[in-house]
2 protein chains.
Amino acid sequence: MTELAELPAVPGAARTQGRPRSSRAHEAILEAVLDLIEEGTTVEALSMEAIAARAGVGKATIYRRWAGKDELLLETLVKLKGPPTQPVGDSVRADLIRLLSVVGQKDQRAVRVMPCLMPEVSRSPEAYRIWQEAITEPRREVMRDVLRRGVATGELRADLDVEVTVSMLISPLLLHRMVRWNPRLDDVDDLTEQIVDVVLRGVAA
Amino acid sequence: MTELAELPAVPGAARTQGRPRSSRAHEAILEAVLDLIEEGTTVEALSMEAIAARAGVGKATIYRRWAGKDELLLETLVKLKGPPTQPVGDSVRADLIRLLSVVGQKDQRAVRVMPCLMPEVSRSPEAYRIWQEAITEPRREVMRDVLRRGVATGELRADLDVEVTVSMLISPLLLHRMVRWNPRLDDVDDLTEQIVDVVLRGVAA
DNA sequence: CCGATACGGAACGGAACCGTATCGGAATCC
DNA sequence: GGATTCCGATACGGTTCCGTTCCGTATCGG
């Protein structure tokens, strides 16, 4: 998918001759994208000119690395999210709380970026595919593992519907932390625990 | 193009003299906005020119009615989502299933429009307020009522956290139907029932 | 040192929209 | 019939951004 190689700068090409691409410019461009989005620019309204200006970079320097805004955004997003949180293995409950407590809490910029991606994701099948593969699916898979292990150890019932359970666990937190769907939940301090406990009770043997 | 007889048309203004505004044009403009969004135009990318062209209307006809795109969009949105579904009162479970089964199913256009509003909602406090007051809050209130009645009749336990429960019930369906957050749920045919049953079990006395 | 490439910056022609103005014609009230 | 307002259409100047192409300079490998 995307190459994050750094020292030689960018692609796997045998770019031996001449001045190497500046990794500093590379980083500055990605940071500029995040900064602008965080400040309220929609993904769609992001202009290459604004990105270049913010990064202190010529537009040509951007086009030398990415074919267009979409490619740039993809690399920005993948870099932003990093790898999913990993469970520890104490108990199903502790692992779920651990995984869920970081939803929308790791990097505040991700919270700002995600809603801006929704129009693109809901419109373009390609954007949807990338979003699924790079962002949501890896995180769901981690949680599926926790639930499956719980089934294996007998902590959870054998006929548990893993997909529905994952969705029930993540969705309320995602919706609250991403778009603050219900502002009254702001005051609930043990939201994660409440959700996990209700779901675990609901699916108990 | 010949004009048919028109109703008195639009606002409560004392507009006695001259040709009245065409309610047909009014409707055509609102429909054009929805059509364009449904076809994949982002709210932000909506241009007055495109709306006018699609509606078969001059731009001046739009500006004569609304001061700008924001006002036009607001009226479009409020018209789109009509009043919330009302519960029947048989049982808590039946009412919840009734309310939840229409999430994202009433008007397919609403499903397309909502993700496009997320960037605006997450960026502008004013847009967030309107979105809450006009869209989400009235629907939550209906569901709160169902839960409160359940508490009153003893079907639900007395110390139920209504806000958290509402969020747990709606969020998974909302996320699935709006942005298809987890495509594996496509095949689950009794998703609504499963969610309601797990939650009700989880919060049982 | 030299050749090659990247750098930041500026300018380019072209496209899309903005919001306004103006047109001849149509609809309505007095 | 006459005054008034709205109609759809088109044109306008102004703005923003696109993606490309030039600069003159900086930085690498050989």
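This is a predicted model, so every value here is computed, not measured. Just so we're on the same page: letters track the sequence lines, and every chain starts at 1.
The side chain of A/S47 sits closest to D/dC18 out of C/dA6, D/dC18, D/dC6. Taking the side chain of A/V57 as heavy atoms from C-beta on, and the options D/dT20, C/dG8, D/dG8, the nearest nucleotide is C/dG8.
Pairing each heavy atom of A/P87 with each of A/R149, the nearest pair is CG-NH2, 3.9 Å. Here the closest non-hydrogen pair linking B/M168 and B/I195 is O-CG2, 4.2 Å. Taking every heavy atom of both residues into account, A/R201 and B/G202 meet most closely at CD-O, 3.6 Å.
Taking atom CZ of residue B/R65 and atom C1' of nucleotide D/dG8, one finds them 12 Å apart after rounding to whole Å. What separates CZ of B/R24 from P of C/dA26 is a distance of 16 Å, to the nearest Å. Put simply, CD on A/E49 is 16 Å from P on C/dG8, counting in whole angstrom units. Atom CG in A/D70 sits roughly 15 Å away from atom C1' in D/dG19 (whole-Å rounding). Note: NE2 (A/H26) to P (C/dA6) measures 14 Å, nearest angstrom. The separation between B/E44 atom CD and C/dA16 atom P is 18 Å, rounded to whole Å. Taking atom CE of residue A/M48 and atom C1' of nucleotide C/dG9, one finds them 17 Å apart after rounding to whole Å. Atom pair A/R64:CZ and C/dG9:P shows a separation of 13 Å (rounding to whole Å applied).
Of the side-chain N and O atoms in B/R54, none sit less than 4.0 angstrom from OP1 or OP2 of D/dG8. For D/dC7, neither phosphate oxygen OP1 nor OP2 lies less than 4.0 angstrom from any side-chain nitrogen or oxygen of B/R21. Residue A/T61 places no side-chain N or O under 4.0 Å from the OP1 or OP2 atom of C/dA6.
Inter-residue side-chain proximity for B/L96 and B/L147 is flagged as met; some heavy-atom pair is nearer than 4.5 Å. Counting heavy atoms from C-beta outward, B/P119 and A/V43 have side chains that stay 4.5 Å or more apart.
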Considering only nitrogen or oxygen atoms on both sides, find all protein atoms under 3.5 Å from nucleotides 25-30 of chain D and state each distance.
{"from": "D/dA26", "atom 1": "N3", "to": "A/R19", "atom 2": "NH1", "distance (Å)": "3.1"}

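Comparing A/A60 and A/A50, the nucleotide of DNA chain D nearest to each residue sits closer to the 5' end for A/A50.
Between B/E75 and B/K79 there is no salt bridge, since none of the side-chain N atoms of the basic residue sits less than 4.0 Å from a carboxylate O of the acidic one. A salt bridge is defined here as a Lys NZ or Arg NE, NH1 or NH2 lying under 4.0 Å from an Asp or Glu carboxylate O, and B/R148 with B/D145 meets this definition. Contact check on B/D90 versus B/R98 returns no salt bridge, with no Lys/Arg side-chain nitrogen under 4.0 Å from an Asp/Glu carboxylate oxygen.
Across all strands shown, D/dG29 forms a Watson-Crick or G-U wobble pair, both distances under 3.5 Å, with C/dC2. For D/dC22, the paired nucleotide is C/dG9, the pair qualifying as Watson-Crick or G-U wobble because both relevant distances are below 3.5 Å.
Heavy atoms of A/G56 sit under 4.0 angstrom from primed sugar atoms or phosphate atoms, though from no base atom.
If you check distances only, the side chain of B/K59 does reach the base of C/dG19 with a donor-acceptor pair under 3.5 Å.
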